Amino acid sequence: MKKLADILKQKEFSKNELIYLLSLKGDERKQLRQRAAEVKNNIVGNKVYYRGLIEYSNKCKKDCYYCGVRASNQIPKRYDITDKEVLEAAEFAYKNRFASLVIQSGERSDKAFVDKISFLLREIQKISDQKLHITLSCGEQSLETYKAWRKAGAHRYLLRIETSNSDLYKKLHPKNQLHSFEERIQALKRLRETDYQVGSGVMIGMPFQTVDHLAEDLLFLKKIDVDMAGMGPFIEHKETPLYQYRNQLMSLQERFDLSLNMVALLRIMMPTINIAATTAMQAIDPQGREKALMVGANVIMPNLSPVKYREDYLLYEDKPCIDEEAEECLNCLAARIHMAGSTIGFDEWGDSLHYKMRQQ
Ligand code: 5AD
Ligand code: FES
């Protein structure tokens with residue numbers, strides 16, 4: 001067996017090496033995380049980019065077994081944020097020099113929804129003088145829809161694969177065409193074809209998921225050559241089918257630690273991509289996002305959704321900041337980011353270096 005220090009000098013890892021690295025504990029784990037911090041600072045530097053998050057709608061046609069806004073959950077009041085509220089949030093992002101927004105939504109593909117997103121994209125571009133870069137996270141769509149949204153002003157798209165193992169994928173979703181693993185892969189291909197900066201990612205610590213699966217996930221993200229990644233711990237939600245397996249899960253702390261190791265390894269394997277410090281990490285540890293920044297992440301998505309909608313957008317339980325106005329959150333966030341040794345890239349789009357290099 002090679003020495004840890006030697007393995008950590010590599011840029012590529014075998015599946016077995018990844019399994020070993022993901023499972024590190026104590027001092028050895030520290031070495032992995034230090035190596036990731038070093039790679040991050042050498043390649044993308046210590047800047048963090050803000051993406052203002054607008055949780056546009058919790059109406060969803062799908063029924064993923066893990067998700068709190070799945071169609072069968074009768075508890076959340078279903079909403080669409082009004083146009084005015086979306087534009088106010090965009091204005092807030094613009095005025096606070098975020099330079100970038102994410103519009104996330106439950107999955108729908110009816111014409112009214114598709115046209116509404118196009119409309120909002122155009123309006124946001126208008127009020128910001130084309131200065132905001134917009135990311136969409138609105139699920140699987142046709143090539144035509146992806147093209148229409150790209151043309152209307154979206155630059156980036158997030159579509160998590162959730163798990164790259166098709167057997168596990170089938171255990172986490174209903175068995176029907178609406179939840180097809182193959183279709184999700186095709187959607188990722190369509191996004192690439194449409195010239196988006198493409199982001200993907202997985203949940204960590206789900207029922208039936210092993211470290212083997214997670215090692216495969218890292219290799220998958222590398223293989224499809226993502227420009228951006230968002231990964232976070234799975235957090236069980238009472239009103240979902242997977243809740244019945246809560247006693248078989250790793251502890252929250254273990255899921256959190258494994259998530260940090262995933263971020264660290266992806267940074268070493270793909271030094272030029274953007275990696276988000278996700279809200280789910282903060283749900284487990286109040287300083288979760290800052291910890292993720294310290295091991296490789298370089299993007300944070302402050303929530304700009306109007307507070308009155310937030311309790312109806314609980315993808316998982318204990319979601320943080322559901323009763324805080326955007327501005328209050330921002331002050332504490334900036335201080336925490338500085339304490340984590342990072343600076344904030346105000347007024348910068350913060351496109352992934354990986355994407356820029358791919359364009360050349
Ligand atoms: N725990 C953690 N993350 C979740 N997501 C959905 N449900 C959960 C959960 N229970 C994540 C999925 C989805 C993203 C918007 O939120 O990865 O892609
Ligand atoms: Fe809405 Fe999965 S439940 S996309």
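Just so you know, residue 1 is the first one in the sequence shown, and it goes up from there. Keep in mind that what you see is a predicted model, and the values were worked out from it rather than measured.
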Next on the checklist: Does either side chain, that of Arg156 or that of Ser352, offer a donor lying less than 3.5 Å from an acceptor on the other one?
Outcome noted: no
Next on the checklist: Can you tell me how far apart CG (Leu315) and SG (Cys64) are? Round to the nearest 0.5 Å.
Outcome noted: 10.5 Å
Next on the checklist: Show the nearest heavy-atom pair for residues Ile224 and Ser200, with the distance to one decimal.
Outcome noted: CD1-CB, 4.5 Å
Checklist entry - Closest approach of Glu348 and Ala99, non-hydrogen atoms and distance? => result O-CB, 3.4 Å
Next on the checklist: Ignoring hydrogens, what is the shortest heavy-atom contact between Ser57 and Tyr79? Give both atom names and the distance.
Outcome noted: OG-O, 3.0 Å
Next on the checklist: Does this structure show an ion pair linking Glu216 with Lys15, if we count only N-O contacts that are shorter than 4.0 Å?
Outcome noted: yes
Checklist entry - Which atoms form the tightest heavy-atom contact between Ile300 and Leu333, and what is the distance? => result CG2-CD2, 3.9 Å
Checklist entry - Is any NZ, NE, NH1 or NH2 atom of the basic residue among Arg246 and Glu236 found under 4.0 Å from an Asp or Glu carboxylate oxygen of the other? => result no
Next on the checklist: For Lys3, give me all partners under side chain to side chain donor-acceptor pair (under 3.5 Å), at least two apart in sequence or on another chain.
Outcome noted: none
Checklist entry - Do the rings of Trp149 and Tyr157 sit parallel, tilted or perpendicular, given the 30° and 60° boundaries? => result parallel
Checklist entry - According to the interplanar angle, ranging from 0 to 90°, do the rings of Trp349 and His133 count as parallel (below 30°), tilted (30 to 60°) or perpendicular (above 60°)? => result parallel
Item to check | Arg29 and Asp257 ion-paired at < 4.0 Å | outcome: yes
Checklist outcome for this item: Residue set satisfying ring-ring contact (aromatic ring centres under 6.0 Å, His included) with Phe119, at least two apart, ordered chain then number -> none
Checklist entry - Out of His173, His237, His179, which residue meets the ring-ring contact (aromatic ring centres under 6.0 Å, His included) rule with Tyr66? => result His173
Checklist entry - Is there a path from Ile235 to Tyr243 through hydrophobic residues (I, L, V, M, F, W, Y) whose side chains come within less than 4.5 Å of each other? => result no
Checklist outcome for this item: In terms of heavy-atom contacts, Met281 and Ser259 come closest through CE-CB, 3.7 Å
Checklist entry - Does Arg358 pair with Asp195 as a salt bridge, N-O distance under 4.0 Å? => result no
Checklist entry - Which heavy atom in Leu330 sits nearest to a heavy atom in Tyr50, and how many Å separate them? => result CD2-CE1, 4.1 Å
Item to check | Value rounded to 0.5 Å, distance of CG in Leu218 from CE in Met270 | outcome: 10.5 Å
Next on the checklist: Less than 4.0 angstrom from a charged side-chain N to a carboxylate O is my criterion; do Arg35 and Glu38 meet it?
Outcome noted: yes
Item to check | Sub-4.5 Å side-chain heavy-atom contact between Val202 and Ser164 | outcome: no
Next on the checklist: Side chains of Ser305 and Asn303: any donor to acceptor distance under 3.5 Å?
Outcome noted: yes
Item to check | Salt-bridge present (Glu193, Arg150; N to O < 4.0 Å) | outcome: no
Checklist entry - Do the side-chain N and O atoms of Asn46 and Ser342 include a donor-acceptor pair separated by under 3.5 angstrom? => result no
Item to check | side chain to side chain donor-acceptor pair (under 3.5 Å) pairs, two or more places apart, involving residues 270-295 | outcome: Thr272-His354, Asn274-Asn298, Gln282-Arg289, Asp285-Lys291, Glu290-Arg336
Item to check | Ion pair Asp80/Arg108, N-O distance below 4.0 Å | outcome: yes
